Amino acid sequence: MGVHMLLYWLAADGAGRREAYDALAAAILCLGSSASCRWTAAAAVLRQAQQRGADDLPSARAAGGAEQHSLHRVTLSDEPGQLFLLSRSAKQVLQAGPDMQTFLDRATQLKQRGALQLEGMQYTVGDFRISLARAVQAPQQNFLGLSVDLGYLPLDDAALAAPLLQDLAEVLQEAAEAASGRLQRLEDAATAGFQLPPQFSPRHRAVQYTQLMSRLQEQAS
């Protein structure tokens, strides 16, 4: 699956989101994209229904009470049939098949309390895979920003792949700046503390997307 670097778009005052998306898409095509397909991803917060009243109190939120009783669910269209559940308090990531979603649908004690939806295109450029997407908050469909997922497929060692991904990110950064914005990299520290394998894996990506959800919501607030 390779190593992935996740970036999100920061807009300058008055910058147009459509112009930024179009500029980034054009830059990717100029790199010599050989194929493209529709790409989607989603991240959602699941909380225990019986804890809602207590967790909504400011004192409980300040103490991290809501986080202790919540899970994050992540799905990626380029990881078909896989569902990821994360506990940020326990720093654990579970990778499961579609049967887990059936279980969650029946688990009445878990309710979705917020979601990030991403939809866009995935491009193949040599050994790189680039996913460019618009991010909205569900169910309100409020625009939150743009995301760019850069993947280098031949390697699963993040340290070795980092210079190659950074070079690609700098090319796309020029396109973002031309559209009066910039791309912000999600820090590697986003996955720190989680119980993850030493080589980059789909579970690393799942953690990245939960962090992206938090960053975009903070940016919009």
Side-chain angles (χ1 to χ4, degrees), residues 1-11 15 17 19-43 74-80 82 84 93 116-136 144-179 181-192 194 196-216 219:
M1 66 148 291
V3 177
H4 289 254
M5 177 186 292
L6 192 55
L7 308 104
Y8 57 98
W9 179 66
L10 296 175
R17 60 193 187 219
E19 290 81 357
Y21 185 95
D22 290 345
L24 289 168
I28 294 169
L29 291 174
C30 287
L31 292 171
S33 171
S34 59
S36 63
C37 62
R38 182 174 177 269
W39 180 86
T40 62
V74 176
T75 57
L76 301 161
S77 64
D78 52 1
E79 298 289 347
Q82 298 298 302
F84 304 90
V93 185
L116 172 72
Q117 293 180 343
L118 299 110
E119 183 172 345
M121 298 295 294
Q122 185 174 85
Y123 305 85
T124 300
V125 182
D127 290 330
F128 293 92
R129 186 173 291 164
I130 307 172
S131 302
L132 170 63
R134 297 178 178 88
V136 299
L144 293 178
L146 304 175
S147 70
V148 182
D149 185 325
L150 306 179
Y152 185 65
L153 304 185
L155 296 175
D156 58 8
D157 186 310
L160 292 177
L164 299 170
L165 292 170
Q166 185 59 42
D167 287 345
L168 179 57
E170 289 175 1
V171 172
L172 298 179
Q173 186 72 271
E174 294 178 5
E177 292 173 353
R182 63 185 178 90
L183 293 174
Q184 178 68 42
R185 178 182 174 183
L186 200 69
E187 306 87 351
D188 292 336
T191 59
F194 280 87
L196 296 169
Q199 303 301 316
F200 197 93
S201 70
R203 286 188 284 165
H204 286 78
R205 292 186 73 196
V207 177
Q208 287 179 334
Y209 278 92
T210 62
Q211 299 295 335
L212 176 68
M213 181 180 182
S214 298
R215 296 288 190 277
L216 292 180
Q219 179 178 301

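Please read all numbers here as calculations on a predicted model, not as lab measurements.
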A.B. asks: Let's go through Leu132 and Tyr21 carefully: what are the C-alpha distance in whole Å and the side-chain angles of both, what is the deciding distance for side-chain contact (heavy atoms from CB on, under 4.5 Å) to 0.1 Å, and is it a yes or a no?
C.D. replies: CA-CA 8 Å; Leu132 170 63; Tyr21 185 95; 3.6 Å; yes
A.B. asks: For Ser77, which residues count as a side chain to side chain donor-acceptor pair (under 3.5 Å) partner, sequence neighbours excluded?
C.D. replies: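 In terms of side chain to side chain donor-acceptor pair (under 3.5 Å), with neighbours along the sequence ignored, Ser77 is linked to no residue.
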A.B. asks: Once you round to the nearest 0.5 Å, how far does CG of Leu29 lie from OG of Ser36?
C.D. replies: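 It is 7.5 Å, given to the nearest 0.5 Å.
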A.B. asks: So which atom in Ala43 and which in Val74 form the shortest heavy-atom distance, rounded to 0.1 Å?
C.D. replies: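 That would be CB-CG2, 4.2 Å.
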A.B. asks: Please, which pairs that meet side-chain hydrogen bond (donor to acceptor under 3.5 Å, both in side chains) have at least one residue in residues 149-167, sequence neighbours excluded?
C.D. replies: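 Residue pairs passing side-chain hydrogen bond (donor to acceptor under 3.5 Å, both in side chains), neighbours aside: His4-Asp149, Asp149-Arg205, Asp149-Tyr209.
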A.B. asks: Who are the side-chain contact (heavy atoms from CB on, under 4.5 Å) partners of Glu174, not counting sequence neighbours?
C.D. replies: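 Testing Glu174 for side-chain contact (heavy atoms from CB on, under 4.5 Å), a comparison that skips the adjacent residues, returns none.
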A.B. asks: Within the structure provided, determine whether Gln211 and Met213 are in side-chain contact (heavy-atom separation under 4.5 Å).
C.D. replies: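 No; the side chains remain at least 4.5 Å from each other.
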A.B. asks: Taking only residues two or more places apart in sequence or in another chain, which ones pass salt bridge (Lys or Arg N to Asp or Glu O under 4.0 Å) with Arg215?
C.D. replies: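 In terms of salt bridge (Lys or Arg N to Asp or Glu O under 4.0 Å), with neighbours along the sequence ignored, Arg215 is linked to Glu187.
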A.B. asks: Can Leu186 and Leu7 be said to form a side-chain contact (heavy atoms from CB on, under 4.5 Å), step by step?
C.D. replies: CA-CA 6 Å; Leu186 200 69; Leu7 308 104; over 6 Å; no
A.B. asks: Could I get the full list of side-chain contact (heavy atoms from CB on, under 4.5 Å) partners for Ala133, not counting sequence neighbours?
C.D. replies: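 Trp39, Leu118, Ser147.
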A.B. asks: Go through the structure and list residues passing side chain to side chain donor-acceptor pair (under 3.5 Å) with Gln208, not counting sequence neighbours.
C.D. replies: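 Per chain and number, Gln208 pairs via side chain to side chain donor-acceptor pair (under 3.5 Å) with no residue.
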A.B. asks: Name all pairs fulfilling the side-chain hydrogen bond (donor to acceptor under 3.5 Å, both in side chains) condition that reach into residues 120-133, sequence neighbours left out, sorted by first residue then second.
C.D. replies: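 Listed once each, the pairs are Asp78-Gln122, Gln122-Ser131.
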A.B. asks: Measuring from Leu212:CG to Leu116:CG, what's the distance to the nearest 0.5 Å?
C.D. replies: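 The distance works out to 5.5 Å.
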A.B. asks: Quick one: salt bridge (Lys or Arg N to Asp or Glu O under 4.0 Å) pairs with a partner in residues 24-43, sequence neighbours left out?
C.D. replies: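 Matches after skipping sequence neighbours: Arg38-Glu119.
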A.B. asks: Would you give the length of the straight line joining atom CD1 of Ile130 to atom CG of Leu150, rounded to the nearest 0.5 angstrom?
C.D. replies: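 With rounding to 0.5 Å, CD1 (Ile130) is 6.0 Å from CG (Leu150).
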A.B. asks: If the condition is salt bridge (Lys or Arg N to Asp or Glu O under 4.0 Å), which residues does Asp188 pass it with, not counting sequence neighbours?
C.D. replies: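 Per chain and number, Asp188 pairs via salt bridge (Lys or Arg N to Asp or Glu O under 4.0 Å) with Arg185.
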A.B. asks: Walk me through whether Leu164 and Phe128 qualify under side-chain contact (heavy atoms from CB on, under 4.5 Å).
C.D. replies: CA-CA 9 Å; Leu164 299 170; Phe128 293 92; 4.1 Å; yes
A.B. asks: Among all residues two or more places apart in sequence or in another chain, which pass the side-chain contact (heavy atoms from CB on, under 4.5 Å) test with Ala175?
C.D. replies: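 Applying side-chain contact (heavy atoms from CB on, under 4.5 Å) to Ala175 gives Leu24, Ala27.
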A.B. asks: Apply the test side-chain contact (heavy atoms from CB on, under 4.5 Å) to residues Thr75 and Phe84: give CA-CA distance (whole Å), side-chain angles for both, the deciding distance (0.1 Å), then the verdict.
C.D. replies: CA-CA 7 Å; Thr75 57; Phe84 304 90; over 6 Å; no
A.B. asks: By ring pair (Phe, Tyr, Trp, His ring centres under 6.0 Å), which residues pair with Phe200, not counting sequence neighbours?
C.D. replies: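 Checked Phe200 against ring pair (Phe, Tyr, Trp, His ring centres under 6.0 Å); matches are His204.
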A.B. asks: State which residues pass salt bridge (Lys or Arg N to Asp or Glu O under 4.0 Å) with Glu177; sequence neighbours excluded, sorted by chain then number.
C.D. replies: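 With sequence neighbours excluded, Glu177 shows a salt bridge (Lys or Arg N to Asp or Glu O under 4.0 Å) to no residue whatsoever.
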